[in-house]
2 protein chains.
Amino acid sequence: MDAKIRTRYAGRAKIVKAMSHPTRLFMVDELARGERCVQVLTGMVGDDISTISKHLAVLKNVGIVADEKRGAQVYYTLRCPCVMDFFSCVESVLKTKSRR
Amino acid sequence: MDAKIRTRYAGRAKIVKAMSHPTRLFMVDELARGERCVQVLTGMVGDDISTISKHLAVLKNVGIVADEKRGAQVYYTLRCPCVMDFFSCVESVLKTKSRR
DNA sequence: TGGCAATTTGGTAAAATGAGCAACTAGTGA
DNA sequence: TCACTAGTTGCTCATTTTACCAAATTGCCA
């Protein structure tokens with residue numbers, strides 16, 4: 001892998017990595033249903049709000065979600081619904097694995 | 001997120017996480033073209049062979065690849081070609097991000 | 001303006017990851 | 001059998017990740 005190839009895969013990995021946490025995966029799934037504010041997501045997940053905020057920042061940094069402040073709350077939306085494709089593949093990996 | 005939901009997303013995240021490293025992503029891409037033995041992959045990536053072996057073990061543990069020993073070498077194959085779908089989505093995330 | 005609610009940011013400690021070297025295992029062939 | 005090649009595993013160290021608390025921000029409204 002020369003530098004150029006390495007950079008390409010590093011960029012891709014960054015995006016996959018942003019999805020590689022249970023809480024973030026859950027939130028992406030939830031955001032696929034519509035925008036949600038931090039407070040609501042926090043209520044669903046049950047972690048500290050600062051933890052949720054940071055997870056959302058991770059997703060935002062790679063461009064998977066977008067945020068919009070309206071009044072005192074910040075609403076997050078899914079910018080790339082195609083990430084939902086990950087789920088069906090992941091399910092099939094799980095199935096493949098179980099029938100090993 | 002109650003325990004059940006949490007477990008479900010944790011399982012999914014494990015699979016995504018296995019793909020979330022530049023070297024592993026590269027190898028998955030390469031394996032999509034056909035089986036490869038550790039030695040060959042090591043030559044392409046340029047890391048220590050023990051590092052490559054461990055990355056392959058990560059992919060194997062979640063069921064993404066399978067290994068088969070033939071003579072002195074171990075050949076790895078992609079068990080779930082659908083993981084290639086990740087790539088097209090990832091590319092579109094990259095594009096979405098750049099036109100922010 | 002003062003105070004409360006919603007978020008983000010900074011700091012910190014614990015846990016997980018990643019890389020290479022060394023040691024070990026398993027085939028191959030002289 | 002001995003030496004060599006291919007691969008895996010154990011160990012250690014450095015880096016990254018993650019979680020929560022506390023403090024700083026921002027917007028609303030009495």
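Just so it is clear: chains get the letters A, B, ... in the order the sequence lines come, proteins before strands, and each one is counted from 1.
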### Message
Between A/R36 and A/Y76, is there a side-chain heavy-atom distance shorter than 4.5 Å?
### Response
no
### Query
How long is the gap from SG on A/C80 to CD on B/E91, to the nearest 0.5 Å?
11.5 Å
### Query
Looking at side-chain heavy atoms only, is the closest gap between A/E35 and A/R70 below 4.5 Å?
yes
### Query
To the nearest angstrom, how far is B/D67 atom CG from D/dG7 atom C1'?
11 Å
#### Entry: Position toward the 5' end of DNA chain D (nearest nucleotide), B/V38 or A/R70
B/V38
### Query
Rounded to the Å, how far apart are B/K14 NZ and C/dA16 P?
12 Å
### Query
Between C/dG18, D/dT8, C/dT8, which one does the side chain of A/I49 approach most closely?
C/dT8
#### Entry: Nucleotide of D/dC20, C/dT7, D/dT26 approaching A/Q73 most closely (side-chain heavy atoms)
C/dT7
### Message
Check this for me: does the side-chain of A/K54 come within 3.5 Å of the base of C/dG11 through a donor and an acceptor?
### Response
yes
#### Entry: Listed nucleotide nearest any side-chain atom of B/S53, set C/dT7, D/dT8, D/dC20
D/dT8
### Query
Expressed in angstrom and rounded to an integer, what is the separation of A/D47 atom CG from C/dT8 atom P?
15 Å
### Message
Please tell me if A/Y76 has a side-chain N or O lying less than 4.0 Å from either OP1 or OP2 of C/dT8.
### Response
yes
### Task
Take atom CZ of B/R6 and atom P of D/dT18, then tell me their distance rounded to the nearest Å.
14 Å
### side-chain N/O A/Y75 vs C/dT7 OP1/OP2, d < 4.0 Å
no
### Query
Any idea which of D/dT18, C/dC21, D/dC20 is nearest the B/D48 side chain?
C/dC21
### Task
Using heavy atoms to find the nearest nucleotide of DNA chain D for A/R24 and B/S50 separately, return the residue whose nucleotide is more 5′.
B/S50
## Note on the structure
Here the distance between atom P of D/dT17 and atom CG of A/L59, to the nearest Å, is 14 Å
#### Entry: Length of the line joining B/H55:NE2 and D/dG7:P, which is rounded to integer Å
16 Å
### Query
CZ/A/R24 to CD1/A/I52 distance, rounded to the nearest 0.5 angstrom?
10.5 Å
### Task
Report the distance from atom CD1 of A/I52 to atom P of C/dT9, rounded to the nearest whole Å.
15 Å
### Query
Between D/dT16 atom P and B/K17 atom NZ, what is the distance in whole Å?
15 Å
### Query
In terms of the angle between their ring planes, are A/Y9 and B/F26 parallel, tilted or perpendicular, with boundaries placed at 30° and 60°?
perpendicular
